[in-house]
Amino acid sequence: MKALFAGSFSPPTCGHLDIIRRGAHLFDELYVAVLSQSGKAYHLPPAQRARMLEKITRDYPNVKVVHSTGLLVDLMREVGADVILRGVREPVEVRDELQVAEAHRKLGGSATLFLPALPEFSRLSSTIVRECAYHRAPLTDMAPPEIIDEIYAVYAAR
Ligand code: ADP
C-alpha cells in the first residue's frame, strides 16, 4: 500500500520526521509531498524544502519526496497513492483535519489516516522552529541535526 504524507514543511521538524519514520514502517511506499497552498507566503521555495526532506529521509529507501503546487488529490492520482497520511498533535486540530479529509474524500474518494504525534513532539511546530531559529536559540530535539545549519541560515535574524 502507498501513502502520501503532505504538508508545508516550512521547515521540516522532528515531529514531521517521526511521522515519516512510522509511515515508512507501516506502508510499502511513502510519498512525502511539499505543498504550496495558494495565498500563503513561504520563506523557503518548495524545492529547498524538498531537498531538506531528502536529506533527513536518506536512510528510508521506501520514502520519496515530491513537491506540487496543485491539488493533493491530483498528486495522489499521479503517484498512485492509496491513502493520505496526516499527523495530529492536539484534539483541536482534529476538527479542521476532518473537514479537509472529507473534502479529499469527495474530490477523489481517498481515505485519510491519522497518526497521533508522540507526546514529546505534540507541542512542536514549524512556527516554533522558525521563531527559535530567528533568535538563534538551540534547535536540539526540534529539528533534525542534518538541516539545523540550513535552518539558521534561512531564518536567523541578520
Ligand atoms: P500543513 O500546513 O499541511 O499543516 P505542516 O508542515 O504544518 O503542514 O504539517 C504537515 C503534517 O505534519 C500535518 O499532518 C501535521 O499535522 C503534521 N505535523 C506537524 N507537526 C507535527 C508534529 N510535531 N508531530 C506530528 N505531526 C506533525
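E54 pairs by the salt bridge (Lys or Arg N to Asp or Glu O under 4.0 Å) definition with nothing, not counting sequence neighbours. Listed by chain and residue number, L17, R21, A24, T57, N62, V63 satisfy the side-chain contact (heavy atoms from CB on, under 4.5 Å) test with Y60 (two or more places apart in sequence, or in another chain). In terms of the side-chain contact (heavy atoms from CB on, under 4.5 Å) criterion, residue partners of I148 (sequence neighbours excluded) are, by chain and number, L139, A143, Y152. Among residues two or more places apart in sequence or in another chain, the ring-ring contact (aromatic ring centres under 6.0 Å, His included) test is passed with Y155 by H43. Every salt bridge (Lys or Arg N to Asp or Glu O under 4.0 Å) that R22 has, sequence neighbours left out, goes to D18. Here A47 pairs with R51, H67 under the side-chain contact (heavy atoms from CB on, under 4.5 Å) rule; sequence neighbours left out.
How far CD1 of I84 is from CG of L75: 9.5 Å, rounded to the nearest 0.5 Å. The CD1 atom of I56 sits 5.0 Å away from the CD1 atom of I20 when rounded to the nearest 0.5 Å. With rounding to the nearest 0.5 angstrom, the OG atom of S10 is 12.0 Å from the CG atom of L35. Atoms OG and CG, from S110 and L4 in turn, are 9.0 Å apart once rounded to the nearest 0.5 Å. Distance check: S8 OG to L44 CG gives 11.5 Å after rounding to the nearest 0.5 Å. Rounded to the nearest 0.5 angstrom, F27 CZ and L85 CG are separated by 5.5 Å.
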Might you work through the side chain to side chain contact (heavy atoms under 4.5 Å, CB included) test for C14 and E120, ending with a clear yes or no?
CA-CA 10 Å; C14 290; E120 57 265 44; over 6 Å; no
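Side-chain contact between P144 and M52: absent, with no pair of heavy atoms (C-beta onward) separated by less than 4.5 Å. Proximity of L115 to L26: side-chain heavy atoms (C-beta onward) are separated by under 4.5 Å at one or more points. When side chains are defined from C-beta on, V154 counts as touching Q48, because their heavy atoms get closer than 4.5 Å.
Pairs passing the side chain to side chain donor-acceptor pair (under 3.5 Å) check and including a residue from residues 81-92, sequence neighbours excluded, read R86-E97, R89-E93. Listed by first and then second residue, the salt bridge (Lys or Arg N to Asp or Glu O under 4.0 Å) pairs that reach into residues 68-79 are D74-R77, sequence neighbours excluded. For residues 124-153, the salt bridge (Lys or Arg N to Asp or Glu O under 4.0 Å) pairs, not counting sequence neighbours, are K55-E150.
Between S122 and A117, the shortest heavy-atom distance links the atoms CA-CB, 4.1 Å. Contact detail for G15 and L124: the closest heavy-atom pair is N-CD2, 3.7 Å. The minimum heavy-atom distance linking G87 with I19 is given by the pair CA-CD1, 3.8 Å.
Here V88 sits in one hydrophobic cluster together with V94, L98, F114; the rule is ILVMFWY side chains under 4.5 Å apart, joined directly or through other members. Members clustered with V73: L71, L107, by chain and number, using a 4.5 Å side-chain heavy-atom cutoff among hydrophobic residues. Side-chain heavy-atom separations under 4.5 angstrom define the hydrophobic clusters, and V92 shares its cluster with no other residue.
No more than 12 heavy atoms of other residues, nucleotides or ligands sit less than 6.0 Å from atom NE2 of H25.
M76 and V79 fall within a single hydrophobic cluster, where Ile, Leu, Val, Met, Phe, Trp and Tyr are joined by side-chain heavy atoms under 4.5 Å apart, directly or via other members.
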